[in-house]
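Notes for the one structure printed next.
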There are 2 protein chains.
Amino acid sequence: MTTIIDVARLAGVSKTTVSRVINNYPHISPDKKEQVLKAMEQLGFTPNPSARRLRGQLATTIAVVVPKIVNPFFSYLVDAIEQVGYRSGYQTLICQTNEDKEKELSYLNLLKTKQADGIIMTSIENDWAQIEPYTEFGPIVLCNEYINKTDVPMIRVDQYQGTYIGVKHLIERGHRKIAYCTGGLFTEFGKDKDRNQGYQKALEEAGIPVNPSWILVDKHTIEDGKRVMQLLMEMKDRPTAVFAGSDEIAGGLMMAAKKAGLRIPDDLAIIGFDDQPIAEVLDPGLTTIRQPIAQMGKKAGEILLAMLNEPCPSPAVYELPVELVVREST
Amino acid sequence: MTTIIDVARLAGVSKTTVSRVINNYPHISPDKKEQVLKAMEQLGFTPNPSARRLRGQLATTIAVVVPKIVNPFFSYLVDAIEQVGYRSGYQTLICQTNEDKEKELSYLNLLKTKQADGIIMTSIENDWAQIEPYTEFGPIVLCNEYINKTDVPMIRVDQYQGTYIGVKHLIERGHRKIAYCTGGLFTEFGKDKDRNQGYQKALEEAGIPVNPSWILVDKHTIEDGKRVMQLLMEMKDRPTAVFAGSDEIAGGLMMAAKKAGLRIPDDLAIIGFDDQPIAEVLDPGLTTIRQPIAQMGKKAGEILLAMLNEPCPSPAVYELPVELVVREST
DNA sequence: AAAATGATTGAAACTGGTTTCAATATTTGC
DNA sequence: GCAAATATTGAAACCAGTTTCAATCATTTT
C-alpha cells in the first residue's frame with residue numbers, strides 16, 4: 001500500500017500538506033498543490049478510509065436493512081436508495097435480516113462502530129425500544145415500515161387507504177365474500193395493523209361482517225399463495241374474491257386457482273399489492289395496489305443524506321400516495 | 001463512544017490486556033479476564049472496526065458486484081452469498097454497477113482501501129486487463145461471468161450446453177425457424193459467446209441455416225421482450241419458436257404474443273433461461289434452462305472465504321450443471 | 001519603515017485499536 | 001533449593017490518516 005508519507009516524500013512536502021490537498025483546504029501554494037497531485041497520480045494513491053474514519057472525518061457508507069433481498073419490493077427499494085447514495089458519493093451496505101432479530105441488532109451495530117454513517121430500515125424485527133438507543137450513534141430513517149413515534153423520520157404509504165380502496169373495488173364489483181391474506185394480524189401499530197383496519201372498514205361500510213376463517217396470516221410468497229388457494233378450495237363456504245398482501249401471493253393464488261379449473265375473475269377475483277413486474281405478466285393481468293417504490297427509496301435516501309449533513313432537521317413523516325391499478329383479475 | 005481505554009480504566013488493567021481479552025489471547029489470568037469482560041458488558045463496549053482494520057487485523061467485509069440488483073437472477077445470487085458470509089461473520093456490501101465501467105472500477109477500489117477484504121464479481125464491464133491489477137489487493141472471484149484466464153477462480157455454468165439443449169429441445173418439437181435473444185453477440189470470450197455457439201451448434205447439427213434477422217441482441221428485460229415480439233410480428237418470414245436469454249425476456253415475449261392473439265406453444269413456442277419464480281407463474285408455464293443460482297452463490301462465497309484464510313489455494317474453475325425444465329410453453 | 005495581518009508550512013499530538021518487547025511473577029526440572 | 005522455563009502484564013511503538021499549534025514568510029496598513 002502506498003501511504004500519504006510516500007506521497008509526501010515524492011512531492012517533497014510534509015504529510016500535513018498532502019492531507020490538506022486531499023481535503024481541499026485553502027491556503028496551499030499552487031505549485032506545491034500541483035506537485036502533490038502529480039505525486040498522488042504517479043503512485044496511484046488512494047487514502048485509506050479506515051484511517052480517515054478513525055479520525056472521524058469520513059462518512060461514506062449508508063446501510064439498508066431489508067428482510068429479504070430476493071423480494072422484488074425490497075430489491076427495487078434498495079435500487080432506488082443505492083442510486084441516490086452513489087450520486088452523493090456514498091456506498092450502500094445491504095443488510096438482510098431474514099427476519100432474524102439478532103441479525104437486525106448486529107447490523108445496527110454498524111452505526112455504533114462507524115462502519116455505516118446512517119441506516120435506512122425497511123423492516124423492523126425488534127421492538128423500537130431495542131432499536132431506539134442506536135439513534136445516538138447516527139441517523140436512522142424508516143422507509144416502508146413505520147411506528148408510533150414522532151422523533152424518527154418515516155417514509156411510508158397510506159397502507160390503510162391501500163387496502164381500503166382495494167377491498168372497496170372488490171365490493172363494487174359485486175363481491176361480498178372477500179378473503180384477506182396478510183403478513184401479521186396482531187401487531188400493535190404499523191403497516192399490518194393499518195392494512196387490517198382498511199380491510200375491516202371497507203367491509204363495515206358495506207355492511208359485510210368479517211369472516212375470521214377467510215383471514216389468513218403470515219403469508220408472503222408465491223408458495224404461500226398456492227397453499228392458501230388449497231385451503232380456500234377445501235372450504236364449504238368459499239370466498240369469491242381474495243385480497244392478497246403482495247403480488248407474489250396473488251401470483252401463487254392465481255396459479256393454483258387456474259390449476260383447479262377456476263376462471264379468473266369470474267369464479268374468483270384476485271387483487272394484489274405493490275404492482276411489481278410480475279403483476280403485469282400474470283394472465284389475466286393482476287389488479288393491484290401500486291406503491292411508489294422508487295420514490296419511497298429516493299425520498300428515504302435524500303432524507304438520510306440531509307440528516308448526515310445538518311445534524312437535526314425536524315424529523316417528519318412523508319406519506320406517499322398509493323393507487324389502484326385495475327387490470328383483468330377483478 | 002466508549003473506547004478500549006475506558007474499559008481498561010474501569011477494569012483496572014492496561015489497554016493491552018483488554019485487547020488480549022477481545023482477541024482471545026492465551027495467558028490471561030481468569031480473574032482479570034472476568035473483570036475486563038464485566039467492564040465491557042457494563043459499558044456496552046464494541047471495538048472500533050476502523051481502528052482494528054487500520055492495524056491490518058480485521059477482515060469482515062466482502063463485496064458483491066452486480067449489474068442490477070432488481071434482476072432476480074442477481075438478487076438470488078446475492079442472497080446466497082450473503083448467507084454464506086454472515087455465517088462466517090462477514091458483512092456483504094452490494095455494489096450495483098448499472099453496467100457502468102467507472103462505477104465498477106470505483107467499487108474495485110474498495111479492495112485497495114481495505115474496505116472490502118474480497119470481491120465476488122457476477123458481471124464484468126471493463127476489460128480484465130483493467131481489473132487484474134486489483135487482485136494484488138485482495139482475492140477476486142468470478143461468479144456467473146467468466147473470462148479466458150486460469151489464474152482467477154470462477155464459478156460458472158455451462159452456458160454453451162444450456163443454449164444447446166434448449167435449442168435442441170425446440171428442434172425436437174419440430175421447430176426449424178428459431179429466433180434467439182441474447183445480451184451481446186460479438187464478445188470475444190465468455191457467457192454470451194458460449195451461448196451463441198450453443199445456438200449455432202444445435203442448428204448446425206439439424207442442418208438448419210442461421211437466419212441473422214432472427215438474432216436479436218442487447219435484450220434483457222420484460223419490456224425488451226415485448227418489443228422483440230412486435231419486431232417478430234412485423235416479419236414476413238416469422239419464426240415459430242424463440243429462445244429467450246432470460247425468463248424476463250420470455251415473459252415479455254409471451255405477454256405480447258398472447259395480446260397479438262398467438263397461441264402458445266401452438267403458434268409460437270417460447271423457452272427462457274434461469275428458471276426464476278416468474279417462469280412458473282407464467283401461463284402457460286415457461287419451459288426454461290435452470291441455473292443452480294443458490295449453489296453458484298454458495299460456492300462463490302465459500303471459495304472467497306477460503307482464499308481469505310489460506311493465501312493461495314490453486315484457483316480453479318467450478319462448472320455447475322444446467323438443466324432443461326420442460327413446462328407448457330414449448 | 002515598523003507593525004499588523006494573513007497566507008503557507010511542518011512538527012507533533014491525536015483517533016482506537018494491535019503488536020512488540022521487556023519486566024516481573026510463577027511454575028517446573030533436577 | 002536454585003536455575004530454567006513459562007505465564008502474566010504493561011509501556012511504547014505502530015497503523016494511516018487529520019487536526020492543533022506555532023513558526024515562517026509575504027503583504028498590507030499606518
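The structure displayed is predicted, hence computed values, not measured ones. Just so it is clear, the values below take in all heavy atoms, side chains as well, and ignore hydrogens, waters and symmetry mates.
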Below 4.5 Å, heavy atoms only, C-beta onward: do [X] and [Y] meet side chain to side chain?
X	Y	value
Asn98(A)	Tyr86(B)	no
Val157(A)	Glu319(A)	no
Ile131(B)	Glu104(B)	yes

[X] vs [N]: side-chain N/O to OP1/OP2 distance below 4.0 Å:
X	N	result
Thr17(A)	dG10(C)	yes
Ser14(B)	dG10(D)	yes
Ser19(A)	dT18(D)	yes
Ser29(B)	dT9(D)	yes
Tyr25(A)	dA7(C)	no

Quickly work out the [X] [atom1] to [N] [atom2] distance and round it to whole Å.
X	N	atom1	atom2	answer
Glu34(A)	dT8(C)	CD	C1'	17 Å
Asn24(B)	dT8(D)	CG	P	14 Å
Arg53(A)	dT15(C)	CZ	C1'	14 Å
Asp6(A)	dC15(D)	CG	P	11 Å
Asp31(A)	dC25(D)	CG	P	16 Å
Ile28(A)	dT9(C)	CD1	C1'	10 Å
Ile22(B)	dT19(C)	CD1	P	11 Å
Ile4(B)	dT19(C)	CD1	P	11 Å

message = Using heavy-atom distances to pick each residue's nearest nucleotide on DNA chain C, tell me which of Thr16(A) and His27(A) is more 5'.
response =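 Closest to the 5' end, via its nearest nucleotide, is His27(A).
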key: Residue pair Arg53(A), Asn48(A): steps toward the side chain to side chain donor-acceptor pair (under 3.5 Å) verdict   = CA-CA 9 Å; Arg53(A) 215 186 294 269; Asn48(A) 181 322; over 6 Å; no
Choosing from [options], which nucleotide comes nearest the side chain of [X]?
X	options	answer
Arg55(A)	dC14(C), dT9(D), dG17(C)	dC14(C)
Asn48(A)	dG17(D), dT18(D), dT9(D)	dG17(D)
Arg52(B)	dT15(C), dG17(C), dT8(C)	dG17(C)
Arg20(A)	dT20(D), dG17(C), dG10(D)	dT20(D)

query = Taking N and O atoms by type only, does the side chain of Lys15(A) place a donor or acceptor under 3.5 Å from a partner on the base of dG17(D)?
reply =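 For Lys15(A), whose side chain was compared with the base of dG17(D), there is a donor-acceptor pair (under 3.5 Å).
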request  = Could you tell me whether Val18(B) contacts a base, only the sugar-phosphate backbone, or nothing, with contacts defined as non-hydrogen atoms closer than 4.0 Å?
outcome  =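 If one applies the 4.0 Å heavy-atom cut-off, Val18(B) turns out to touch nothing in the nucleic acid.
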query = Taking all atoms of both residues into account, what is the closest heavy-atom pair of Leu305(B) and Ser88(B), and its distance?
reply =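 Shortest heavy-atom separation between Leu305(B) and Ser88(B) comes out as CD1-OG, 3.4 Å.
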